[in-house]
Amino acid sequence: MSSGAEDNPVLNSFQNDELFSKFFEDKFDASRFANSIIQVHETSVSLEKLADGIARVESELHSQVVSHHDDLLLQATGIQKLEDVLKMVSTRVKSLHQSFQRIQDKVTTPYKLIQTRAAQLIRLQSACEILRRTLRYLYLAKRLKTQLQGGNREVAKAAATLTELNDLMEYVDLSGVDVVDKERKWIEEVQQQIESSAVEMLNLSMASHNQIQLGTALQVFRNLGRLRKTVDGIISDYIKKLEQGLDDVLSDTKSNKSDAKAGRAARWGRMETFMNTIVTIAVSTRNLERVLAKKKDPTTQARFLHDVVEPGKSLVGLMWETFTAKMQERFTSLKSSAYTVYESFVLEYPRMLRLIKDTGGRIEQQFSSSTIASNMDMGNSTESDIELKLLLESLKPFESTFIDSSLERMYDPVRIVFPSGGKTPPSSDEVASICKTFVDELNVASVDVSFSFAVGQNIAKTIQLYTNKSELMVSTNKDATQVTGKCSQSLLRNIALANRLDQLCKVVASIISSQQAAALQEDAIELIEQARHNGIKLLATIVDPICEAILVEMEKLIVALHSEDYITENSARSDFASLIQDLVAHVQSEIFKRLTCHEVVVPRVKKLVQQLLRKFAQHVSLIKSLSEAGKRRLSEDMAEFELALSPFQVRVSDLGTNYLEFRALRRLLFLNIEQITNSLESLSTSMVAHHLFSHGPSEMVLPHMLNRRSPEEYCQWMDNHSEAEILSVIRSALDAYASVVKDRGDKTFHPVFPTLSKLCQPKENA
C-alpha cells in the first residue's frame, strides 16, 4: 500500500474496523468470509455495514477524481499519443519484413544453384582422385612386377612399393574398380611372399651374423611399416628362450642323497648349456643393434634404431635388463621354493661367478671376431660389457649369502681359539690356520674384483675381531709388568698374545703383497691394512708398559750412583753396575728374546736405551762430591754401564744425541773449568751447569738439594720441563750461594761462580 493510501482517513477507518480489516488480508477468501457471517447470525447487520462501506468508498472515489481532475486529463492525452506511436512502429516493422522477404528471394536462388554446382564439383574431384589413384595403383603394380624379377636385390624396393599400394587403398576405397580388383589378389600373394622371404632372410642373417643380409631384411620390414613389431618379436622370443633355459637350470629333480653328486653335475651341465645360449643370443642381439644403429632413412637421416628404442637408450641394455630382473627374482624366490637348489648355488657361487665371467669374455671374443667385424664398420651405442654387468648383478642373492658364510668361516677359528672365559693364548698353528682361511677365501674370490673386495672386507673384520679378542685377554695387573725375577704368568700370557698377534699381522702383510691379493682393490687393501695397523697398535700397548717397567727398575739402580763414594781412593767395582748388568741380561733373555714382534720391540728397545743413557747422564751430572780418583772410578762406572747395555743389541749410530751426550759427559769429567766452557758441543747447557757444581765449594748446592728433593724426583721434574725452566732453577741455586757469601762477608766468589752465572744467563741477556 502506498504512503498516500496510508494517510487516507477512509482507508484507515476500514483497517481499524473488525469487519472491513479482513478485506486487507493477502489471503482473503470471499466464501470463507460469507460463511463466517452466516455462522454468527449477523447477516442483516453485516450487509447494512457493507452497503454503508461501499457508499463511503464511492464517495471517496468521487472526491479523489474531483481533486485530481487535471492530472487525469493529462494522463488520458498521453495514452492517445502512445497509441499513435505504436501504430507508426507497427507500420514500419511490416515494411521491414517485406524488404527482408525480397532480399531473401534474391539470395536463396543463387545459393541453391551454387550448392548444386559444388556437389557436382566434389563428385568430379572424387572421380578424378579415383582415376589418379587407379592409374598410380596400376603403375605401382607394374613396377612391383619389375622389381620382383630382381630377386633379393630388389626386395626392399618391392616392400616399399607394397607399402605405397596399401596406402593408396587405405585412404580411397578402390574396390569395385575392375582393373584394381584384378591386381589385388596377386598383390596380396606378393606381399605374403615378400614377408616370408624377409622372415627367412632375417632368421638366416641373425644365425650367421651376416650384417648385409640383416640390413636388407630390416629395410624390408621398415618399408612394410613393421620394423618395431618385428624387432620386438625377436627380443621377446630371445627372452622366452632365455627363460626356458633358466627354468631348465633351476629345475629341482628329486633325488636320493646318493645321487646328490650326480644331480649337481647334471645341474652344472645344464648351466653350461644355458651359458652357451646366453652367448649366442647376446652376440645376435649386439649384431642386430649394430645394424639398426648404422641403417638410416635416406630422406630424414633418422637411424632405424630410433624407430625401436628412444634416442640414448640401448636395445641390448633394455633386453638384458628385462631378463636379468626376472633372473634375479627367480634366484631370490629359490630360497623359499627350492632351498636345495638355492643352497647348492650359494655353496658353489665362485664357480657360478667364474662361469658368468667366462661367458662375458666369450661374448666379447665372438662379437669382435672377424666374421662380424669384417662385414661392416658400424658404431655401437651399447656399453661393451653390459651383459656381464647385468648378469653379475642378478647373482646378488647368492653373493650376499656367500659373503656372510665366508665371514662366518673366518670368524669360526677365531672364536675357537678365544673361547668365552678362556685364558690360554692361541698357538702358532692356530694362527696359521686362521691365515690359511684368509688365503683360501682370497683364492676363491680372485675371479672377480668386486667379489674380492667383499672378501677383503671380511678379512679386515676378522683381523679386527682377533685384535679385540686379544685385547680382552691382555693382563693389566701388576704382575704383567714384573720385569725382575721369574716371569709371571700374566707377563708370559701377554708375550704370547703379542707374538701370535705379530704372527697374524706379518702373514697378512705377506698375503697382501702376494699373488693371492692381485685381484684386491686398493680400498680393500686399505681396509685390511687399517685392521692390521690396529693389531700393531695393540702390540704397542702390550710392549710399552713392559718397557716403562724396565726403565723404572733401571732408574732405581742408577740412583745408587749417589750412594757411592767418589771422593776416597777405591778400586772396587760399584755394586750398582753389576746389578744393572744382571737386570739387562735378565730382561733381554727372559722378555725381549721371547717377543718376536721385532718391528714393535726394536724401536722401543732403542728408545729405552736412549732414555737410560739420558737418565744415567743426568744422575752423573748431579754428583756433587768428586775427587780425581772418584772421577776415574765414575768414568769406569760409565763404561761399565755402556757395556751393560750391549745385550740390547742397539747400534751406537742409532742412539743419536743421547749417546753423544753420554760420551761427551764422560770426557768432561777430566777437564778443568776453562776447558769445560770450551767443550759444550753435544751437551745441553743445564747438564754442563749441573756438573760444574762439582767444581764449586760445599756452600754451592745443587738445585734439588736446595729444594730438598731427591735426585730421582729432580730428574723426573727435568724430563717434564724445558731447558729454560731448568736454567732458571739453577740460577736460583746460584743466587742462594751468592747470598751465603754476602752474609758471610766475603768479597769474592769461587772461580766457578762467574762461569756458571754466565752459562745460565737467559738468552735475551746473553
Side-chain angles (χ1 to χ4, degrees), residues 402-445 453-482 487-512 516-517 520 524-549 591-592 594-601 604:
F402 184 87
I403 293 300
D404 293 341
S405 301
S406 173
L407 182 60
E408 287 301 315
R409 286 194 294 272
M410 296 184 198
Y411 273 2
D412 285 344
V414 177
R415 294 190 182 112
I416 291 172
V417 299
F418 288 104
S420 179
K423 296 294 183 181
T424 304
S427 66
S428 177
D429 291 341
E430 288 171 334
V431 173
S433 176
I434 294 172
C435 296
K436 184 178 182 300
T437 307
F438 295 163
V439 175
D440 292 341
E441 295 298 327
L442 277 177
N443 286 336
V444 168
F453 174 75
V455 172
Q457 286 181 312
N458 287 350
I459 292 175
K461 292 177 182 177
T462 307
I463 296 171
Q464 191 61 53
L465 176 66
Y466 185 96
T467 302
N468 295 340
K469 294 282 188 180
S470 298
E471 186 175 9
L472 292 174
M473 192 178 284
V474 171
S475 297
T476 56
N477 54 33
K478 189 176 180 180
D479 290 345
T481 55
Q482 178 186 335
C487 292
S488 65
Q489 290 299 319
S490 298
L491 178 58
L492 292 175
R493 183 191 307 124
N494 286 357
I495 291 174
L497 285 171
N499 290 338
R500 298 291 77 77
L501 185 57
D502 175 66
Q503 178 186 354
L504 179 74
C505 292
K506 287 178 178 176
V507 174
V508 169
S510 65
I511 290 174
I512 292 175
Q516 285 92 348
L520 280 177
I525 294 176
E526 185 176 345
L527 289 174
I528 296 174
E529 280 289 1
Q530 181 61 43
R532 178 177 170 272
H533 180 67
N534 292 338
I536 294 175
K537 285 170 64 177
L538 179 58
L539 285 175
T541 61
I542 296 174
V543 175
D544 285 343
I546 298 174
C547 292
E548 291 171 5
I591 297 177
F592 288 142
R594 292 178 187 268
L595 288 167
T596 59
C597 47
H598 299 300
E599 62 178 297
V600 175
V601 171
R604 280 159 178 78

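Quick note: numbers below take in every heavy atom, side chains included, and nothing from hydrogens, waters or symmetry partners.
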I'd like to check [X] versus [Y] (side-chain heavy atoms, cut-off strictly below 4.5 Å). Are they in contact?
X    : Y    : answer
I416 : E430 : no
Q482 : D479 : yes
I434 : V417 : yes
I536 : E599 : yes
L538 : L501 : yes
R409 : S406 : yes
L491 : T481 : no
T541 : V474 : no

remark   = Scanning both residues in full, the closest heavy-atom pair of A531 with A460 reads CB-O, 3.4 Å

Closest contact, heavy atoms only, R532 versus A509 = NE-CB, 3.4 Å

Side chain [X], main chain [Y], donor-acceptor under 3.5 Å:
X    : Y    : value
T462 : N458 : yes
N499 : I495 : yes
N477 : A480 : yes
S470 : Y466 : yes
R493 : K423 : yes

Can you tell me how far the [atom1] atom of [X] sits from the [atom2] atom of [Y], to the nearest 0.5 Å?
X    : Y    : atom1 : atom2 : result
T424 : M473 : OG1   : CE    : 7.0 Å
L442 : I459 : CG    : CD1   : 3.5 Å
N468 : Q464 : CG    : CD    : 4.5 Å
E471 : I542 : CD    : CD1   : 8.5 Å
T467 : K537 : OG1   : NZ    : 10.5 Å
R415 : M410 : CZ    : CE    : 12.5 Å

message = Could you check whether Q503 and S428, counting side-chain N and O atoms only, form a donor-acceptor pair closer than 3.5 Å?
response = yes

remark   = Exactly one candidate in N534, I528, L527 meets side-chain contact (heavy atoms from CB on, under 4.5 Å) with Q530; the answer is N534

request  = May I ask you to check whether over 12 heavy atoms, not counting those of Q489, lie within 6.0 Å of atom CD?
outcome  = no

Under-4.0 Å salt bridge between E548 and R604 = no

query = Would D412 and T437 count as a side-chain contact (heavy atoms from CB on, under 4.5 Å) if you check the C-alpha gap in whole Å, the side-chain angles of each, and the deciding distance to 0.1 Å?
reply = CA-CA 10 Å; D412 285 344; T437 307; over 6 Å; no

message = Run the side-chain contact (heavy atoms from CB on, under 4.5 Å) test on F438 and I463 for me, step by step, so that the C-alpha distance in whole Å, both residues' side-chain angles and the decisive distance to 0.1 Å come before the verdict.
response = CA-CA 10 Å; F438 295 163; I463 296 171; 4.1 Å; yes

